[in-house]
Amino acid sequence: GYEPKWWKEAVVYQIYPRSFKDSNGDGIGDLNGITEKLDYLQKLGVNVIWLSPHYDSPNADNGYDIRDYEKVMKEFGTMADFDRMLAGIKQRHMRLIIDLVVNHTSDEHKWFVESAKSKTNPYRDYYIWRDGKPNPSAPNGFDPPNNYPSFFSGSAWQYSAPTKQFYLHLFAVKQPDLNWDNPKVRESVYSLMRFWLDKGVDGFRMDVIPLISKQPGLPDLVPGTDFVKLWANGPHRDEYLQEMNKKALSPYDTMTVGEAIGITLAEEPKIIDDNRHELNLVFNFDAMRISRGDGYSARKWTLPQFKAIYTNHANVLSKTSWDTVFLSNHDAPRLVSTFGDDSAEFRVPSAKLLETMILTLRGTPFLYEGDELGMTNYPFTKLSQFDDIEVKNAYKAKVLTGKMSEEQFVAEAHQFGRDNSRTPMQWDATSNGGFTTGGKPWLAVNPNYAQINAASEVEDKDSVFAYTQQLIALHHAHPALVYGDYKDLDPENDKVFAYTRTLGDERFLVVLNFSGSSIEFAWPDEVKAARLVLDNLPGLHGTGKGRLSLNPWEARIYKY
Ligand code: TEU
Ligand code: CA
């Protein structure tokens with residue numbers, strides 16, 4: 001069996017602080033806002049909170065550009081507010097993991113400010129500086145040192161006048177990459193980790209952590225290479241993670257989850273196998289990204305392809321590694337708009353179906369704020385409605401260069417842009433969804449807040465919230481839903497996802513109709529005596545002889 005661990009049994013809830021709850025009317029969510037809503041989270045039943053970055057930042061990328069790791073972002077409050085929030089979390093027997101963004105810092109971090117000053121500055125080697133290639137017709141007389149692209153469009157190199165060299169930034173210009181090959185950088189990171197662990201945080205979600213070890217010599221990318229894979233597999237990645245585990249994490253009882261971009265399923269055990277002493281968990285994006293092609297383009301996918309991902313996971317991850325289950329976060333569009341059907345007819349049942357899946361598959365489930373209400377994508381119609389640096393830079397690179405029409409770009413960003421999930425939480429039916437008492441939230445609230453909001457859902461026993469609450473309680477109550485084996489009963493079925501979770505003589509059967517039509521599903525023989533535990537469309541079901549009649553987007557959980 002599996003070694004029991006609290007982070008395997010946890011139900012995690014991600015908070016994007018900027019969008020969660022504004023307590024002082026400046027239009028920006030804050031830590032006191034989170035503290036106000038801890039009772040709400042406790043009522044929902046989640047027991048670990050992942051907090052997106054709360055540190056001092058100029059917010060080029062909403063806090064993923066950190067200026068001071070040991071200070072709270074002033075818009076979010078003070079260290080005293082943080083301590084109060086943490087105490088409130090502990091009081092409710094919940095835990096907190098915070099975002100560790102250490103592949104890069106802000107260009108306003110004191111390390112970088114020093115580093116940029118001169119080639120001999122003691123902080124010079126905290127970052128990655130290189131000479132450009134002389135080119136008299138280039139803006140500064142130089143082309144970038146190599147052909148690396150940035151995730152946020154354009155070159156990954158920025159020229160810096162004081163020393164006439166370029167620095168590497170795999171993300172925004174204001175996010176210079178740290179040089180992890182410098183032992184002083186690593187010690188500085190371990191020290192800031194200890195700072196927060198000593199305060200009592202329970203672990204970290206680690207931003208783009210596989211990118212910390214760069215390719216020796218930084219040679220040009222060969223055209224056609226999958227650069228994310230290359231960057232994720234630098235020669236010292238595991239050595240640095242093992243060192244971090246030993247020097248920073250091992251004295252504490254932590255949960256660590258790495259954002260494993262560029263890591264294939266087969267390579268995951270290198271990072272998460274217990275015997276490797278690196279991280280506990282990683283996010284694998286195969287399922288979440290199945291509907292998306294390059295940039296913001298859509299990709300066709302089928303249910304059998306989707307289901308195969310989970311079977312592969314069950315096969316590859318051994319008894320000594322543990323999976324995560326999620327389909328949404330602050331970088332992805334809304335859950336129900338992407339994997340369900342957010343029309344008036346099917347929004348509620350399909351949102352409930354998706355929560356059913358996430359809370360009964362094998363692995364630690366991660367829910368994103370607002371999913372428990374069935375919040376939807378924002379009805380974007382024009383560029384000025386977006387705030388995200390990724391959208392703005394992609395617009396410059398694609399539309400302003402004539403590669404794509406403005407209309408098509410906005411349509412694609414509407415479907416996949418990150419701001420879909422960053423619109424404020426919809427707390428009630430008052431103006432701005434009760435997110436702020438001030439006039440203007442930093443990003444517009446989805447106009448559907450009058451219909452979709454927490455106040456009405458908490459009161460309504462048929463709401464997505466009430467159903468998610470029941471699912472979370474079920475997940476906590478039954479070890480089979482945590483540690484049970486997983487078996488897909490009908491991999492080829494292109495409408496129904498049906499699987500069992502089995503531990504000893506406890507067995508659950510989950511049947512999900514991933515379609516907008518009614519269908520019949522053949523009972524597995526041994527299930528005849530099963531008891532219906534939860535149904536997202538109660539009272540509607542027909543159970544014929546040997547067949548289940550499923551309504552559109554119906555989800556059922558049986559126990560036998
Ligand atoms: O995201 C890393 C990442 O791979 C993103 O580029 C993501 O794939 C993309 O935004 C999807 O459109 C992490 C954080 O989660 C993200 O919010 C940050 O912007 C990024 O790192 C830089 O810190
Ligand atoms: Ca505020």
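Starting from 1, each residue takes its place in the sequence as its number. For ligands, and for the atoms within them, numbers begin at 1 and follow the listed sequence.
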J.: Whether the side chain of T376 engages the backbone of S337 through a donor-acceptor N/O pair (distance < 3.5 Å, no angle test) should be reported.
T.: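 No: the side chain of T376 does not pair with the backbone of S337.
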J.: Please confirm whether the ring centroid of W196 lies under 6.0 Å from the ring centroid of F204.
T.: no
J.: Which distance, rounded to the nearest 0.5 Å, do you find between the NZ of K21 and the CG of L31?
T.: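 Between K21 NZ and L31 CG, I get 13.5 Å after rounding to 0.5 Å.
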J.: Just checking E239: does its CD atom have more than 12 heavy atoms from other residues, nucleotides or ligands closer to it than 6.0 angstrom?
T.: yes
J.: Between ligand 1 and the protein, tabulate every N or O atom pair separated by less than 3.5 Å, reporting distance only.
T.:
from	atom 1	to	atom 2	distance (Å)
ligand 1	1 (O)	E259	OE2	3.1
ligand 1	1 (O)	D331	OD2	3.3
ligand 1	8 (O)	R289	NH2	3.2
ligand 1	10 (O)	E390	OE2	2.9
ligand 1	10 (O)	R418	NH1	2.9
ligand 1	12 (O)	R292	NH2	3.2
ligand 1	12 (O)	E390	OE1	3.0
ligand 1	12 (O)	E390	OE2	3.0
ligand 1	15 (O)	R205	NH2	3.0
ligand 1	15 (O)	H330	NE2	2.9
ligand 1	15 (O)	D331	OD2	2.5
ligand 1	17 (O)	H330	NE2	2.9
ligand 1	17 (O)	D331	OD1	2.7
ligand 1	17 (O)	R418	NH1	3.4
ligand 1	19 (O)	D61	OD1	3.3
ligand 1	19 (O)	D61	OD2	2.5
ligand 1	19 (O)	R418	NH1	3.0
ligand 1	21 (O)	D207	OD1	3.0
ligand 1	21 (O)	D207	OD2	3.1
ligand 1	23 (O)	H104	NE2	2.9
ligand 1	23 (O)	D207	OD2	2.8

J.: Do F380 and F386 have their ring centres less than 6.0 Å from each other?
T.: yes
J.: Return the set of protein N, O or S atoms whose distance to the Ca ion (ligand 2) is under 3.0 Å, each given as residue and atom.
T.: D22 OD1, N24 OD1, D26 OD1, I28 O, D30 OD2
J.: Tell me, please, which residues at least two apart from E75 pass salt bridge (charged side-chain N to carboxylate O under 4.0 Å, His left out).
T.: none
J.: Does any donor atom in the side chain of W322 or N280 lie under 3.5 Å from an acceptor atom in the other side chain?
T.: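 The criterion, which ignores hydrogens and geometry beyond distance, is not satisfied for N280 and W322.
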J.: State the OG1-CD1 distance between T256 and I97, to the nearest 0.5 angstrom.
T.: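 Taking OG1 in T256 and CD1 in I97, the distance rounds to 8.5 Å.
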J.: Listing request: all side-chain hydrogen bond (donor to acceptor under 3.5 Å, both in side chains) pairs with a residue in residues 62-71, at least two apart in sequence or in separate chains.
T.: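 Matches after skipping sequence neighbours: Y16-N62, S52-Y64, D56-R67, S57-D65, Y64-D99, Y64-H330, R67-E108.
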